[in-house]
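Just so it is clear, the model here is predicted, and its values are computed rather than measured. Values below: all heavy atoms of this structure, side chains included; hydrogens, waters and symmetry mates excluded.
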Amino acid sequence: MAEKPQPVKVLYCPICSLPAEYCEFGPDFEKCKPWLISNAPDLYPHLLKEANEKEGEKVSEQLQSVGISSAAEGAASSDPPGSTVSSKQEDVKRLPGGKIKKKEKQEVVIEKVVRNRRKCITIVKGLDLFGIKFSDASKKLGKKFATGASVVKGPTDKEQIDVQGDISYDIVEYITETWPAVPETAIFFIEDGKKVPAA
């Protein structure tokens, strides 16, 4: 006759209350790692290797820090007083894929869009780069030109001001007078898909 199957003893983690085999799928695997290393090293051998590597790195860092400080003192005394070595780390913003994020140029772009063959909308972009709040700017533009002006998200999800009517050439003078932080050389028009300086 066949033997009866015996019940399997399951080792449960006291931190996440899951079986030790399933700790890595639990909510806080990082907290479980020390317990797993000490109580179930055969289930996660890579954790044991990582722990040994971390300990080795800590020891080597301690040795290097002691060696570097004593070497730096000796090197400082042997170098001539005029020579200094400085290592600068550039703070570059990297996007996914390794692309470098470029800093936006401070410029105001004014664009005239015609809709329904007669009605014009003047779009003003980039005032926020000079520290101007869009809500305040739209109120001032609406009062000055007696038109509707609103803050709208553009196609690139950046905010812009839509002013009803064709005020593209009058607006340059008003912007430079109202906000002196915006130089006239930083204002550009978009005409026929090309960026043209206003000055």
Any idea which heavy atoms bring [X] and [Y] closest together, and the distance?
| X | Y | answer |
| --- | --- | --- |
| T122 | I167 | OG1-N, 3.3 Å |
| A137 | I161 | CB-CD1, 3.6 Å |
| C120 | V114 | SG-CG2, 4.0 Å |
| C23 | L36 | CB-CD1, 3.7 Å |
| T176 | P183 | CG2-C, 4.4 Å |
| P155 | Q160 | CD-OE1, 4.5 Å |

Identify, with sequence neighbours excluded, every residue that meets salt bridge (Lys or Arg N to Asp or Glu O under 4.0 Å) alongside [X].
| X | result |
| --- | --- |
| K195 | E107 |
| D136 | none |
| K112 | D166 |
| E177 | none |

Which pairs count as salt bridge (Lys or Arg N to Asp or Glu O under 4.0 Å) when at least one residue sits in residues 118-134, sequence neighbours excluded?
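Those involving residues 118-134 are E111-K125.
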**Asked** Does a side-chain heavy-atom distance below 4.5 Å link D162 with S150?
**Response**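 Yes, their side chains come closer than 4.5 Å.
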| task | May I ask you to test the V182-I132 pair for a side-chain heavy-atom distance under 4.5 Å? | result |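 With C-beta onward as the side chain, the pair touches.
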Sequence neighbours left out, what pairs pass side chain to side chain donor-acceptor pair (under 3.5 Å) with at least one residue falling in residues 23-34?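 Output for this query lists E30-K33.
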Next item on the list: If a pair satisfies side chain to side chain donor-acceptor pair (under 3.5 Å) and one of its residues is in residues 137-149, list it, with sequence neighbours excluded.
Entry: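 Residue pairs with at least one partner in residues 137-149: there are none.
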In terms of hydrophobic clusters joined by side-chain contacts under 4.5 Å, are [X] and [Y] together?
| X | Y | answer |
| --- | --- | --- |
| L18 | I37 | no |
| F134 | I171 | yes |
| F189 | W179 | yes |

- Message: Nearest 0.5 angstrom please: I190 CD1 to I110 CD1, how far?
- Response: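 If we round to the nearest 0.5 Å, I190:CD1 and I110:CD1 are 10.0 Å apart.
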Between the CG atom in L141 and the CG atom in L127, the distance rounded to the nearest 0.5 Å is 7.5 Å
For residues 142-165, which residue pairs pass the ring-ring contact (aromatic ring centres under 6.0 Å, His included) check, not counting sequence neighbours?
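Residue pairs passing ring-ring contact (aromatic ring centres under 6.0 Å, His included), neighbours aside: F145-Y174.
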Pairs involving residues 10-37, ordered by first then second residue, that meet ring-ring contact (aromatic ring centres under 6.0 Å, His included) (sequence neighbours left out):
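Residue pairs with at least one partner in residues 10-37: F29-Y44.
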**Prompt:** Rest of the hydrophobic cluster containing F188 (Ile/Leu/Val/Met/Phe/Trp/Tyr, side-chain heavy atoms under 4.5 Å)?
**Reply:**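 So far as hydrophobic clustering goes, F188 is joined with none.
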Residues at least two apart in sequence or cross-chain that pass side-chain hydrogen bond (donor to acceptor under 3.5 Å, both in side chains) with E191, listed by chain then number, are Y169
List the residues meeting ring pair (Phe, Tyr, Trp, His ring centres under 6.0 Å) with F130, not counting sequence neighbours, and say none if there are none.
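F130 satisfies ring pair (Phe, Tyr, Trp, His ring centres under 6.0 Å) with no other residue.
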